[in-house]
Amino acid sequence: MDHFTYVDGRLRCEGVLVEAIAEAAGTPCYVYSRATLEDHYRRLAEAFAPLDPLICYSIKSCSNLAVCRVLAECGAGMDLVSGGELHRARLAGVDPAECVYAGAGKSDAEIRQALEASVGWLNVESEAEFENIASIAAAMSLPCRGALRVNPDVDPRTHRYTTTGKKETKFGVDLERAKAFFDTYGADEHCALRGIHVHLGSPIYSPEPYVQALEKIVRLIDELEAAGHPVEMLDIGGGFGADYETGQTPPAVDYARRIVPVLEDRVRKGLAVIIEPGRTITANAGVLLLRVLYVKRSGTRTFVICDGGMNTLLRPSHYQAFHFIWPCRVDPAHVPAARLRHMPGDYLETVDVVGPICESGDFLAEDRALPPVSRGDLLAVFSTGAYGMVMASRYNSMPLPAEIMVSGDQCTVVRRREGYDDLTAHELAPEPLTTVDHTVDQP
Ligand SMILES: *Cc1c(COP(=O)(O)O)cnc(C)c1O
């Protein structure tokens, strides 16, 4: 699952004691394991090798440049959802031609940037967006390739905030509309509509929704080709699970064993396949380190108050997401044999793990059985490499945490901890409003 292991009761990331990292870098702090990133990438690449896919890493899951660089060195392209992500992909050394650009709300400036960079595919989410992309491409004389995002109306059985492939979402168009879409726009010479994109939502803990969706998509491709619309590329999206609990997700080979047969024949006939994994690569590759500030008993509840909460890790309060939490130093008898929601052990105490933010919704875990902890102890919040730091905020004027990359026994600060000056840097010199620059820096 990952390279975070207890040795003699003390948590290590690869060859490094996490207590030493917290001592040097301070807390809160995210720690990433390079070997874990590489392992997960490699397993996915090997499992799906029969489809020879382009693996476009979903930057939004963990956008730190050092993480992007590790994956770029593994051979990944990138899945982008903004101009800012295109900027990161290029800084990480990724060829924009190996990138796909999705998102239901691309601005004109972002579309121009994508065209200038010759991004491989623009995933198109609506008729209005297609017309806008095509007209910008015509005006700039920069032709591009488009992939229509289709909702196969499959329920991925995940949280409603992360379900995207059902009929009633803001993403893509439904199957019935797809054919008409190609009839209307399939001959456009500025945006060549030659691909299909599906992304069902995430995390999806079974191959079944992919199989159901892709069987529908293959039938759609047959129909489109029969109507004279060649389909060169199918992007099957991301959403593959991560082990938030030990053994929660099938390994990459299990997804591939079911998905490959649905597409193999098409691939032999020339269809290119793209996959867009995010969390399945990054989630288990990161932990968040927090220091316990106070242990407070109120009525029947015990609160473990830490120096980071919803500001550093939003997933528990935003999605009711589960993250395993455990002290970084425990009696060797209390080393967790697995990371589970309901841990066995009569030495455990039921607590709420919360942050310092002035919100009752500021929690990382409720009713959680933990070994006894006290002020000054270091806690690890596991499987936080994905949608952790990228969703962190400065709410309550809390500077953003540091990010550390570990490789073997080497540690590198890949994002320095913010200070108070970072909080106010954009506010110190108010300026008159003269020109309004709607565009951001060109990547
Ligand atoms: C978020 C997203 C992904 C990645 O999702 P994961 O659960 O991190 O794998 C892939 N494709 C699209 C279009 C997305 O929006």
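Just follow the structure's listing: the first ligand is 1, and inside any ligand the first atom is 1.
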Exercise. Charged N to carboxylate O below 4.0 Å: is that the case for Asp222 and Arg266?
Worked result: yes
Exercise. Should you measure from each heavy atom of His197, which atoms of ligand 1 turn up under 4.0 Å away?
Worked result: 13 (C)
Exercise. Based purely on interatomic distance, does Arg279 place a nitrogen or oxygen under 3.5 Å from a nitrogen or oxygen of ligand 1?
Worked result: yes
Exercise. Which heavy atom of the protein is the closest neighbour of atom 4 (C) of ligand 1, given with residue, atom name and distance?
Worked result: Ser58 OG, 3.3 Å
Exercise. Which of the atoms of ligand 1 are close to Tyr387, meaning less than 4.0 Å from one of its heavy atoms?
Worked result: 1 (C), 4 (C), 5 (O), 6 (P), 8 (O)
Exercise. Considering all heavy atoms of both residues, which atom of Arg88 and which atom of Leu65 are nearest to each other, and what is their separation?
Worked result: O-CD2, 3.5 Å
Problem set entry | Atoms of ligand 1 close to Asp79 [distance to a heavy atom under 4.0 angstrom, numbered from 1] | 3 (C), 10 (C), 11 (N), 12 (C)
For this session: Decide whether Glu131 and Tyr185 meet the rule of one side-chain donor and one side-chain acceptor closer than 3.5 Å.
Result: yes
Exercise. Would Glu223 and Lys179 pass as an ion pair if we require N to O under 4.0 Å?
Worked result: no
Seminar exercise, completed: For Gly239, the ligand 1 atoms with a heavy-atom partner under 4.0 Å come out as 5 (O), 6 (P), 7 (O), 9 (O)
Exercise. Hey, is ligand 1 close enough to Pro277 that some N/O pair sits below 3.5 Å?
Worked result: no
Problem set entry | SB check Glu73 Arg34 (cutoff 4.0 Å) | yes
Exercise. In the protein, what heavy atom is nearest to atom 15 (O) of ligand 1, and what distance, to one decimal place, separates them?
Worked result: Lys60 NZ, 2.7 Å
Exercise. Does Arg315 make a cation-pi contact with Tyr244 (under 6.0 Å, within 45 degrees of the axis)?
Worked result: yes
Problem set entry | Under-4.0 Å salt bridge between Asp2 and Arg339 | yes
Problem set entry | Ser202 N/O to ligand 1 N/O under 3.5 Å | yes
Exercise. What protein heavy atom sits nearest atom 11 (N) of ligand 1, and how far away is it?
Worked result: Glu276 OE1, 2.6 Å
Enumerate, atom names and distances included, each donor-acceptor pair closer than 3.5 Å involving a side-chain atom of residues 402-412, sequence neighbours excluded.
unit_1 : atom_1 : unit_2 : atom_2 : d
Glu403 : OE1    : Asn64  : ND2    : 2.8
Glu403 : OE2    : Tyr32  : OH     : 2.5

For this session: Examine the proximity of ligand 1 to His199 and report which part, side chain or backbone, both or neither, has a heavy atom under 4.0 Å away.
Result: side chain
